Amino acid sequence: MYLLVVRDTFASQAPWFAAGPLLGLCVVAVLALLNGRLGVVGGFSDVVDRVSDRSFRLGWKGTFLLGLVGGALLWAVVSAGPESSGYGWLTRTFSGPTVALFLLAAGVLIGFGAKTAGGCTAGNGLSGNAFGSRAALVATMTFMAVAVAASFVTKWIWGAAL
Amino acid sequence: MTRAAAALVGVVFGFTLAWSGMSSPDVIRAGLLFEDLYLFWFFFAAMATAFAGVQLLRRANARALLTRERITPETLRPEPRHVAGSALFGLGWAIAAACPGPVAAQLGQGVFWSLATIAGIVIGLKLHAARARTTAKAGTRPASVASSS
């Protein structure tokens, strides 16, 4: 009975006023514990660099990323939800190989773009703005505007409402 | 110790991302198309909480608990790379209906499409590094290398 309550709590979407502050506290924790700026692209960068060097001594950004993956895995276990094999508007619009190509291209844009901008939604959007960085504010407004506009363009081109 | 602490915070972060539905391309796309505003409420709540916490740490002139150094939340002046890079990033975000955090969460949740996105991210990072090396060799130091992310 108790297990069902736990599962149901986590299987349904967390209220924004609970989940949001939790993420905010993570930003504060990273700063308070080790004077760091929480981000995700930095973690990918760290892992890529270490693998290239054939060294496995990750920095804190890399271990943060590993923790992130682990945390999501933990949630998947606790919420025990049904697995969908689809991937949103992409699999509803395109065949498998095309979806993979689009995701690959998107990944290149994300990796190159976020690294150039010095951060992603977490690094610039959350941490950068929390720190009061004007660069982060400019970055955030830019990626938000472009992401919204591009989403509408894909909707208009492919008729993919959602 | 700092790496273990970061990993622990990462677990909380990843769990919350997954629990909030952010790892679902449908949830993110619904937000970007203004059909479900959860994404924005969630994001603003996170920013507001983080901002408040950082302000408190600043006022307290605190020292980092594990490294004992003075806390210095970095701020930067806007440069062209912040706009150009973010524009490319935003485009990629719209197509994948996921940004790096959600992509990593998808991996943890066993959404294997994320492997394609991650492959792309790795290529994108390598391209950035290659570009940084060639412009450094040419004698000019591009702004994108100036600070780490």
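In what follows, chains carry the letters A, B, and so on, assigned in the order in which the sequence lines appear, proteins first and then strands, with residues in each chain numbered from 1. Quick caveat: nothing in here was measured; it's all calculated off a predicted structure.
Both the backbone and the side chain of A98(B) have a heavy atom closer than 4.5 Å to some heavy atom of chain A. Interface remark: V138(A) contributes side-chain atoms only to the contact with chain B (heavy atom separation under 4.5 Å).
For A104(B), the side-chain contact (heavy atoms from CB on, under 4.5 Å) partners at least two apart in sequence or on another chain are F44(A), L65(A), L68(A), V69(A). Every residue two or more places apart in sequence or in another chain that forms a ring pair (Phe, Tyr, Trp, His ring centres under 6.0 Å) with F102(A) is listed here: F94(A), W158(A).
Salt bridge status for R134(A) with E79(B): absent, with no side-chain N to carboxylate O gap under 4.0 Å. Using a cutoff of 4.0 Å between basic side-chain nitrogens and carboxylate oxygens, D49(A) and K126(B) are not scored as salt-bridged.
The distance between the ring centers of F51(B) and F131(A) does not fall below 6.0 angstrom.
Counting heavy-atom pairs closer than 4.5 Å to chain A, the top-ranked of the candidates V83(B), V12(B), L8(B), I28(B) is V83(B). Chain B forms more heavy-atom pairs under 4.5 Å with one residue of I110(A), V27(A), V28(A) than with any other, namely I110(A).
Applying the ring pair (Phe, Tyr, Trp, His ring centres under 6.0 Å) test to pairs two or more places apart or on separate chains, those with a residue in residues 3-29 of chain A are F10(A)-F15(B), F10(A)-W19(B), W16(A)-W41(B).
The cationic atom of R29(B) (NZ for Lys, CZ for Arg) lies less than 6.0 Å from the six-membered ring centre of W89(A) and within 45° of the ring axis.
Interface with chain B: from residues 120-128 of chain A, residues C120(A), T121(A), A122(A), G125(A), L126(A) qualify, criterion being any non-hydrogen pair under 4.5 Å.
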